[in-house]
Protein chains: 2
Amino acid sequence: MNVTIYDVAREANVSMATVSRVVNGNPNVKPATRKKVLGTIEQLGYRPNAVARGLASKRTTTVGAIIPDISSIFFSELARGIEDIATMYKYNMILSNSDQNPEKELTLFNSMLEKQVDGIVFMGGKISDELLQQFDKSPVPIVIAATGQGTGEIPTVAIDYEQAAYEATKLLVDHNHKQPAFVAGTAEAETNNQKYKGYLRAVTENNTEVKQEYIVKANNTYNSGLDAAKQLADLADRPSAVFVSSDEMALGVIHGFQDNGLRVPEDIEVVGYDNTRLATMVRPTLSTVVQPTYDIGAVAMRLLTKLMNKEEVSDKNVILPHRIIERNSTK
Amino acid sequence: MNVTIYDVAREANVSMATVSRVVNGNPNVKPATRKKVLGTIEQLGYRPNAVARGLASKRTTTVGAIIPDISSIFFSELARGIEDIATMYKYNMILSNSDQNPEKELTLFNSMLEKQVDGIVFMGGKISDELLQQFDKSPVPIVIAATGQGTGEIPTVAIDYEQAAYEATKLLVDHNHKQPAFVAGTAEAETNNQKYKGYLRAVTENNTEVKQEYIVKANNTYNSGLDAAKQLADLADRPSAVFVSSDEMALGVIHGFQDNGLRVPEDIEVVGYDNTRLATMVRPTLSTVVQPTYDIGAVAMRLLTKLMNKEEVSDKNVILPHRIIERNSTK
DNA sequence: CTGAAAGCGCTAACAG
DNA sequence: CTGTTAGCGCTTTCAG
């Protein structure tokens, strides 16, 4: 059997309560006693049992993170932001992949509650009604990150996806492209809808009649970008600029154009979205929307710590700043 | 207060033990009773408390994963492999970033043991003596993944880093490059040393006198690849082929050469290592060593489940197969 | 097939 | 400053 708080107490000739106090840094312990206890802890190799502590105190110092796919370059950066701040505040993070599957999201959420996490950071595409209901009944605080869905009740951290998309498109419009093309991510994700809206706003305010063939549906993967580029390049009336809803897909688009003999940015300008590390790992380097991915994770987790501490938070819906960075895929 | 097993028992007119049996799928319950209990569980919205269960049963169905950096494209794929299999076997995963910092590794390891995880998957560069000692004293099983360090006692899952590097270099040698250059990752990581050895073996068996200026130390980042390429390109006697110890860095190397007016593969051939998704996200596409990253994670986790179940495992040191895939960065 | 009862290891009043 | 004493919610013998 492992050494318990009781063993330490006996060996040090104090009560369990005292041992508990020194372990938890409670100041109400005479320095001499503290030293003695610390000594026998060391000597016995005592390691506090966090499960027992969790049961007694009703706090596990563990948070849950529900993420679509940790192997995505975008989300893994987010996760790193969450974990860094979690560690800073002495929390551990249980991480689970949802693949944006509504049923899996529900299962994961409940499994995390069973594990008695003190809070949850949720990232996803769209939040189903059922999940939303469960969120509302949640016994622990939840923060929604990078999900572009205002729910009213649940705190969120994100950027203004619509406005950022508007600005990216506007940049292209200002470069004298009457209607830049748009390579869209799947409409399953609310952020993608926001991006589409922003694109449309920039295009229509220019009074253009919208060409539907310039709007191609894809799914944010590199390969779908490749395909989209080919599709666009084959158009009789091909566009001279394109706004792509994610960096990874934008790399695909750039390469797709290049594979079809077009030069970026001379023949066609390209703007991406996210500013992941990929943006500088391509030639030409990618102009893109800077979304502070790591920070969204970090801020979401920081917000969660406040909520878990029942601190007052003035603003439950945090919008982080974005900007456009011009590199070499635009003129 | 939340609804407990006791509430369910009272409401269903059975004992806690029976409720526990129903919840845990113990067959020794009369169907009628089971149904009744299930009914009141539903009705009361009872959710088992995993912390209490963990304390009583001494199993938390949670595993720990210590990983250098989840935002790295290589490790995030590994993590996904771990998590998928963990979920399949009903485990949750606590994920922590170590940045390959030995002290942090120690802290994380102990913190996970405090949390009473049932097992741990460790990924890192080099395992410090102190950490190794702690591993040996661990009350729960540990599996070391993708770390290239045989420790004897602790089970490992990896590929043969030396042999793979040998083959990659050999490919270049066979393309009539007397001595391909080598862009190395930091020697802090054991895998990198293995790669270096493999490189050297392929070069020396060819009886070449080894040019030290062809071996450049870098750190596996894109930018260090950029620098390495410049350094190599500036050599009076510049190499005509280069083996790079990671894909991300290989992209940097390719772009570095291109930025310096060299053509890949016409002027210089490039081979990478890992076959991350990046390998096809570059022009020319990258010839590279296929390391089954996801599988390493998955197999490591599967192995851990066996160990946690105290099943006999015949082979404690799993070497997964690798191969070289030729794309367009080689002739 | 079911129940009673003893913990699991720790925290948190409460008392002194 | 320190000790006593209840639990936290569940699993697990042991009986029956």
Side-chain angles (χ1 to χ4, degrees), chain A residues 1-38 40-41 44-62 90 110-111 113-118 139-140, chain B residues 1-38 40-41 44-62 90 110-111 113-118 139-140:
Chain A
M1 201 74 292
N2 236 307
V3 24
T4 75
I5 199 173
Y6 177 76
D7 300 321
V8 177
R10 184 168 30 70
E11 202 67 19
N13 280 312
V14 296
S15 71
M16 288 162 56
T18 300
V19 179
S20 174
R21 288 191 187 96
V22 343
V23 168
N24 292 295
N26 184 317
N28 290 342
V29 182
K30 205 189 337 179
T33 339
R34 175 186 307 281
K35 198 173 166 198
K36 182 174 58 177
V37 171
L38 251 16
T40 77
I41 284 181
L44 265 46
Y46 168 68
R47 172 186 294 134
N49 181 324
V51 171
R53 175 184 297 179
L55 183 59
S57 70
K58 300 180 166 315
R59 293 189 66 239
T60 56
T61 59
T62 300
K90 312 279 185 212
N110 278 294
S111 146
L113 290 185
E114 285 191 9
K115 289 272 161 104
Q116 311 298 120
V117 296
D118 295 333
V140 298
Chain B
M1 202 72 292
N2 237 309
V3 23
T4 74
I5 200 173
Y6 177 77
D7 300 322
V8 177
R10 184 169 30 69
E11 202 68 19
N13 279 313
V14 296
S15 70
M16 289 163 55
T18 299
V19 179
S20 174
R21 289 192 187 95
V22 170
V23 169
N24 293 295
N26 184 317
N28 290 343
V29 182
K30 208 190 332 178
T33 331
R34 175 184 308 279
K35 197 174 167 197
K36 183 174 58 177
V37 171
L38 251 17
T40 76
I41 282 180
L44 265 47
Y46 168 67
R47 173 186 293 135
N49 180 325
V51 171
R53 175 183 297 181
L55 184 60
S57 69
K58 301 184 166 312
R59 294 189 65 240
T60 55
T61 59
T62 300
K90 312 280 185 214
N110 278 293
S111 147
L113 290 185
E114 285 189 11
K115 289 272 161 102
Q116 312 298 118
V117 296
D118 295 334
V140 299

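All values below come from the heavy atoms of this structure, side chains included, with hydrogens, waters and symmetry mates left out. Just so it is clear: chains get the letters A, B, ... in the order the sequence lines come, proteins before strands, and each one is counted from 1.
Heavy-atom minimum distance, N28(A) versus N26(A): N-OD1, 2.8 Å. V3(A) and G45(A) get closest at one heavy-atom pair: CG1-O, 3.9 Å. Residue V23(B) comes nearest to P48(B) through the heavy atom pair CG1-CG, 4.1 Å, listed as atom of the first residue, atom of the second, then distance. Nearest heavy-atom pair across V140(A) and D118(A) is CB-O, 3.5 Å.
Between L44(B) atom CG and dG9(D) atom C1' there is a gap of 15 Å when expressed in whole angstrom units. Per the geometry, CZ belonging to R59(B) stands 17 Å off P belonging to dC10(D), to the nearest Å. Rounded to whole Å, atom C1' of dG9(D) lies 6 Å from atom CG of N49(B). Atom-to-atom, CD1 of I41(B) to P of dC10(D) comes out at 10 Å; the value is rounded to the nearest Å. Note: CG (L55(B)) to P (dT11(C)) measures 12 Å, nearest angstrom. Note: CD (Q116(A)) to P (dC10(C)) measures 19 Å, nearest angstrom. Taking atom CZ of residue R10(B) and atom C1' of nucleotide dG9(D), one finds them 14 Å apart after rounding to whole Å. Rounded to whole Å, atom C1' of dC8(D) lies 12 Å from atom CG of N2(B).
One distance of note links OG1 of T61(B) with CD of E114(A); it measures 9.0 Å at 0.5 Å rounding. Residue I5(B) holds its CD1 atom at 5.5 Å from CE of M16(B), rounded to the nearest 0.5 Å.
Overall, the helix from dC1(C)-dG16(D) to dG16(C)-dC1(D) carries an axis bend of 30° between its ends, with five pairs at each end and the value rounded to 10°.
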Open item on the list: Between L55(B) and V51(B), is the side-chain contact (heavy atoms from CB on, under 4.5 Å) condition met? List the steps.
Closed with: CA-CA 6 Å; L55(B) 184 60; V51(B) 171; 5.8 Å; no
TODO: Quick one: do T33(A) and V22(A) satisfy side-chain contact (heavy atoms from CB on, under 4.5 Å)? Show the steps, please.
DONE: CA-CA 9 Å; T33(A) 339; V22(A) 343; over 6 Å; no
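Contact between the side-chain N/O atoms of S15(A) and the OP1/OP2 oxygens of dG3(D) is found at a separation under 4.0 Å. Taking 4.0 angstrom as the limit, K58(B) places a side-chain polar atom (N or O) nearer than this to OP1 or OP2 of dG9(C). The shortest distance between the side-chain N/O atoms of T18(B) and the OP1/OP2 oxygens of dT2(C) is not below 4.0 Å. Side-chain N/O atoms of Y6(B) include none lying less than 4.0 angstrom from OP1 or OP2 on dT11(D).
Listed by first then second residue, pairs satisfying side chain to side chain donor-acceptor pair (under 3.5 Å) with a partner in residues 13-22 of chain A read S15(A)-T18(A), S20(A)-N24(A), not counting sequence neighbours. Residue pairs meeting the side chain to side chain donor-acceptor pair (under 3.5 Å) criterion with at least one member in residues 46-56 of chain B, sequence neighbours excluded, are N110(A)-R47(B).
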Distances under 3.5 Å between protein N/O atoms and the N/O atoms of nucleotides 12-16 of chain C, please, pair by pair.
none

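V14(A) comes within 4.0 angstrom of sugar-phosphate atoms only, judged by non-hydrogen atoms across all strands, and of no base.
Shown here are the salt bridge (Lys or Arg N to Asp or Glu O under 4.0 Å) partners of D7(B), two or more places apart in sequence or in another chain: R10(B).
Side-chain atoms of T62(B) and K115(A) form a donor-acceptor pair, as typed in the model, at a separation below 3.5 Å.
Residues from residues 22-36 of chain B that place a heavy atom under 4.0 Å from any atom of DNA chain D, listed by number: N24(B).
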